[in-house]
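What follows is one structure encoded as structure tokens, with my remarks underneath.
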Number of protein chains: 2
Amino acid sequence: MTAHAGERLLTPGEVANLFRVDPKTVTRWATAGRIGSIRTPGGHRRFRESEVQELLSQLTTEATEPVRH
Amino acid sequence: MTAHAGERLLTPGEVANLFRVDPKTVTRWATAGRIGSIRTPGGHRRFRESEVQELLSQLTTEATEPVRH
DNA sequence: GAAAAGTAGGGTAATTGGGGAC
DNA sequence: GATGTCCCAATTACCCTACTTT
């Protein structure tokens, strides 16, 4: 299972910085279920660093595929 | 490999401004694999600033002898 | 307890993606 | 072959106020 405590959590602002987007956008991702999120008792969201890093590492050099014409 | 975050990212519009081209053209570059890109969970592209700067410097040194130091 | 910064909401503008055509 | 422009749908950015976090 992937449920490990001790996982570092990131704030919406930190995630937003990594993706170069607005913090509100990160919130929308969570609402849309595109990214997992944890809620503080006060209702604020926290994100798993490992999941964020995984999403970031999907750097696409989309030229790897065959050139057809 | 190239999979390292902690890199400043640029939006398609910003890259387009740097190159003085239409954002659509930047998209085509990404599709053609001429420039690497990271996708937000929403599908929008982000570009690595270092790579963009490198491409820009290639423009100024085009058809010229390599810069040695 | 108080203050500053960050976040959750909700609305509305701006940007981007995709596919095709010229 | 490469670029710009137009269309439409989706995503994202910026505006506000109230609440949470530190």
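Lettering follows sequence order; numbering is per chain, from 1. As a basis for the values below, the full set of heavy atoms in this structure was taken, side chains included, without hydrogen atoms, waters or symmetry mates.
- Distances shorter than 4.0 Å separate none of the side-chain N or O atoms of Arg28(B) from OP1 or OP2 on dA2(D).
- Following rounding to the nearest Å, Leu9(A) (CG) and dT22(D) (P) show an atom-to-atom distance of 11 Å.
- OP1 or OP2 of dA2(D) has not a single side-chain nitrogen or oxygen of Trp29(B) nearer than 4.0 Å.
- Among dA8(C), dA2(D), dT7(C), the nucleotide with an atom closest to any side-chain atom of Thr11(A) is dT7(C).
- Judged purely by atom type and a 3.5 angstrom limit, Thr31(A) uses its side chain to pair as donor or acceptor with the backbone of Thr27(A).
- The separation between Arg39(A) atom CZ and dA8(C) atom P is 7 Å, rounded to whole Å.
- The distance from atom NE2 of His44(B) to atom C1' of dT11(D) is 4 Å, rounded to the nearest whole Å.
- For the pair Glu51(B) and Arg34(B), the salt-bridge criterion is not met [side-chain N within less than 4.0 Å of a carboxylate O].
- Between Pro41(A) and Pro23(A), the residue whose closest nucleotide on DNA chain D is further toward the 5' end is Pro23(A).
- To the nearest angstrom, P of dG17(C) lies 14 Å from CD1 of Ile38(B).
- Per the geometry, CD belonging to Glu14(A) stands 13 Å off C1' belonging to dA5(C), to the nearest Å.
- Nucleotide dC6(D) is matched to dG20(C) when pairs are restricted to Watson-Crick or G-U wobble geometry with both distances under 3.5 angstrom.
- Contact check for Pro41(B) versus Phe19(A): side-chain heavy atoms found under the 4.5 Å cut-off.
- The CD1-P distance, from Ile35(B) to dT3(D), rounds to 12 Å in whole Å.
- Put simply, NZ on Lys24(B) is 11 Å from P on dG20(C), counting in whole angstrom units.
- Of all heavy-atom pairs between Ala16(A) and Asp22(A), the closest is CB-C, 3.8 Å.
- Judged by closest nucleotide on DNA chain D, Asp22(B) is the one of Asp22(B) and Arg20(A) placed further toward the 5' end.
- Arg45(B) has a side-chain polar atom (N or O) that falls below the 4.0 Å cut-off from OP1 or OP2 of dG18(C).
- For Thr40(A), whose side chain is taken as the heavy atoms from C-beta onward, the closest listed nucleotide among dT21(D), dC14(D), dT16(C) is dT21(D).
- Side-chain contact between Ile35(A) and Phe47(A): present, with at least one pair of heavy atoms (C-beta onward) separated by less than 4.5 Å.
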